[in-house]
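In what follows, every chain begins at residue 1, and chains take the letters A, B, ... in the order their sequences are listed. Quick note: numbers below take in every heavy atom, side chains included, and nothing from hydrogens, waters or symmetry partners.
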Number of protein chains: 2
Amino acid sequence: MVTIKDIAKLSGVSPATVSRILNGHPTVSPELRERVLQLARELNYQPNAVARSLVSSRSRLLGVVIPDISNPFFPDVVRAVEDVAAQHGYSVLLSNTDWNLYREKESLGILRSRQVDGIVLVPSQVEPHLDWLTRSSIPVALLTRTNPSFDSVETDHFRGGYLVAKHLVDLGHTHMAVIGDTCDPKYKGFREGLIDAQIPVATNLYSWQLSKNDATQEGAYQLTLQKMREFEQLKQNRAQAGGMPTDQQLERPTAIFAQNDLMAIGVLMALEELGVKVPEEMAVVGFDNIRLAAAVRPALTTVAQPSYELGRIATELLIERIESRREIPPRHIVLEPRLVVRGSTTRLRQQAPVELSSREAIPDHGSSA
Amino acid sequence: MVTIKDIAKLSGVSPATVSRILNGHPTVSPELRERVLQLARELNYQPNAVARSLVSSRSRLLGVVIPDISNPFFPDVVRAVEDVAAQHGYSVLLSNTDWNLYREKESLGILRSRQVDGIVLVPSQVEPHLDWLTRSSIPVALLTRTNPSFDSVETDHFRGGYLVAKHLVDLGHTHMAVIGDTCDPKYKGFREGLIDAQIPVATNLYSWQLSKNDATQEGAYQLTLQKMREFEQLKQNRAQAGGMPTDQQLERPTAIFAQNDLMAIGVLMALEELGVKVPEEMAVVGFDNIRLAAAVRPALTTVAQPSYELGRIATELLIERIESRREIPPRHIVLEPRLVVRGSTTRLRQQAPVELSSREAIPDHGSSA
DNA sequence: ATGAAAGCGCTAACAA
DNA sequence: TTGTTAGCGCTTTCAT
């Protein structure tokens, strides 16, 4: 390996001078500069970033910690991080956690030992390692989640959920199911939307819970199969009982809201298998607006998150913080979600929707993407 | 930052001893070991990987250079690289080149200056920076492309193309178009397959070339629109000329083979817009078998590449080379492609296929996915 | 304008 | 078994 010493020796100057020249220090004679630069080029010299990091205690390395790059939501995020990082002369260390808090902690530890200058973190759980992060004093930008102590960038999931609720209510739906984690703000927003529309959530909103590990396309597929069969069973039981009074609680939902597109696609597949027509018999809504959402048939109504934007902004905040000498108070950026109406939702036919006239506008012109 | 010195001072031993303890060196008294380890834990000490790299001249860093993580083929590859790397105690530096030779060179330079121990490279062009790579003496594993000087892992694209040709011929197709780069082995395999089936490629195989920059979903979409309109125009001209003799050369193809799934989806979209029915009027075949391929309607017949496997094997070869003290001659792994028959191809109806009987087997039981 | 020297945090000879 | 010393490649005072 060619080092600064080699160049120094061969050009008859001191290593210090070579260093100054390579770093564009102004106080060197032009002739020397030329000679040394020429030599460096000839020797195909490349500075050793490791040595540089050691002395400067700045690595120009950024860590990106995400749940899983195979999940179609993240490639765009990571791409944005890398783009912005590269623009500013940083390289990117990538780490997957599989939504596992232990692995997240481990990754953060490795990044710290590698002296990264900053970390873009998509926390795998609601409560990440805040104390640890704070103590480590590495600048951090949180993505899709927020916390008073750090910069954060997210879309307004609460509002996203609210938009979905409004959309479905406008289409005449009154009984709906949610698949995923009920602590998620998008669920809370959804609930709020129903309440605002006078839907009795206690009876008309089903929570089809899924453990963290099963929050996948496959998990949603299985869960939908199971739940739909339960309703089928119920119907038969009632028929056998000879037309017992219809229990409101047990009405089959006419719409399913899954917490991400991948899970919504699992729902779609289950319904297809069961012969339940989408959107006529069941509306399905996802979240994220990944590419797949537009490609599946019926195309998925969903809430768009600007994934590249999220990554870009987070990285910009992070680098600004790294390179600023002043203390910057944490900033919290919230991006607006956007409802993308496609073929997986339509006006409910079976029962006449209440107040049809006042709601007509949405489904017809609300389509985008 | 807590250093080895701090621990040494506080525990009253020398830095060397602390280092030995932290590295599990056997020649230390158990009592000391316990005391020092305890202290290190209390101080939340974490070794400085940069300093370590400098002295050991091993960074335990792997570079991954790919065209674009947003392209759905690569996340699985990268995921595999990261998984294997992590298993062996390596971290991963990610870099996107956008199929740009200049950026590829730049990325490789940065990785070298960062002293990565090895590089997994998906070359953006047919001819990558072989000389540069050889001179730099960094272990490299090539992905999806091969070269005598380096380890390489790829699926047999030639054979993949051949399989597609065979499949289409078996379905009775005689006029086909290829979208992409004619230098690609999968195109050559396709051609070979047609020749073996006695199809006169000079007249019956159209090459719809696309420049590197346009080799995208959008590019394929535009190209298909254009080409199909040309055929339409031709037909009208012939009609005007009063049923002139049918020129073999100008027969509209009944099948299109795109060089990857994204482009095939572009073709699908164009055909949908033009009202050309797939698969009845036009068969479409892609390559890669990304998730989207199964989700679009009609679902895409394609050639599956085991992307995770590719990444896994490449990384294993790479790490083996890094950690071996002996010289290892370059290894070249070729994985078998697998034809996945879905809804976008079907038996041609219009004209009776030649030798129907002998070909019947494939389309009926060849379905997989 | 240039050189000498010290040191970033760690490891590894060599001594003791 | 432990400590002393040197040095990885580079930058940065402090002299000159």
Could you verify whether a donor N or O on one side chain and an acceptor N or O on the other, from [X] and [Y], lie under 3.5 Å apart?
X         : Y         : result
Asn213(A) : Ser211(A) : no
Ser124(A) : Glu104(A) : yes
Tyr45(A)  : Asp6(A)   : no
Ser59(B)  : Gln115(B) : no
Arg79(A)  : Asn71(B)  : no
Gln38(A)  : Glu34(A)  : no
Arg145(B) : Ser152(B) : no

Chain B footprint on DNA chain C, 5' to 3' - any atom under 4.0 Å from a heavy atom: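 Listed 5' to 3', the contact boundaries are dC8(C) to dA13(C).
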
Audit row: Arg112(A), Asn48(B), side-chain hydrogen bond (donor to acceptor under 3.5 Å, both in side chains) steps and yes/no: CA-CA 8 Å; Arg112(A) 183 165 80 113; Asn48(B) 183 324; over 6 Å; no

Gap between atoms [atom1] and [atom2], on [X] and [N] respectively (whole Å):
X        : N       : atom1 : atom2 : result
Leu54(A) : dG7(D)  : CG    : C1'   : 12 Å
Ile4(B)  : dT2(D)  : CD1   : P     : 15 Å
Asn48(A) : dG7(D)  : CG    : P     : 18 Å
Arg60(A) : dT11(D) : CZ    : P     : 13 Å

Carboxylate-amine/guanidinium contact Glu320(A) Arg326(A), below 4.0 Å: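 Answer for the salt bridge query: no.
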
Residues Arg103(B), Asp98(B): salt bridge by 4.0 Å N-O rule: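 Answer for the salt bridge query: yes.
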
Residues touching DNA chain D, which here means a heavy atom under 4.0 Å, drawn from residues 18-46 of chain B: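 Heavy-atom contacts with DNA chain D come from Arg20(B), Thr27(B), Val28(B), Ser29(B), Leu32(B).
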
Difference in axis direction between the ends of the helix from dA1(C)-dT16(D) to dA16(C)-dT1(D), five pairs, 10°: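 End-to-end axis angle: 40°.
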
Side chain Ser53(A), main chain Ala49(A), donor-acceptor under 3.5 Å: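 Pair found, side chain donor or acceptor close to backbone of Ala49(A).
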
Pairwise 5' ranking along DNA chain D for Ser56(A) and Ala16(B), keeping only the more 5' one: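 The residue whose closest nucleotide sits nearer the 5' end is Ala16(B).
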
Touch class at under 4.0 angstrom, heavy-atom based, for Val50(A) against every strand present: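 If one applies the 4.0 Å heavy-atom cut-off, Val50(A) turns out to touch nothing in the nucleic acid.
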
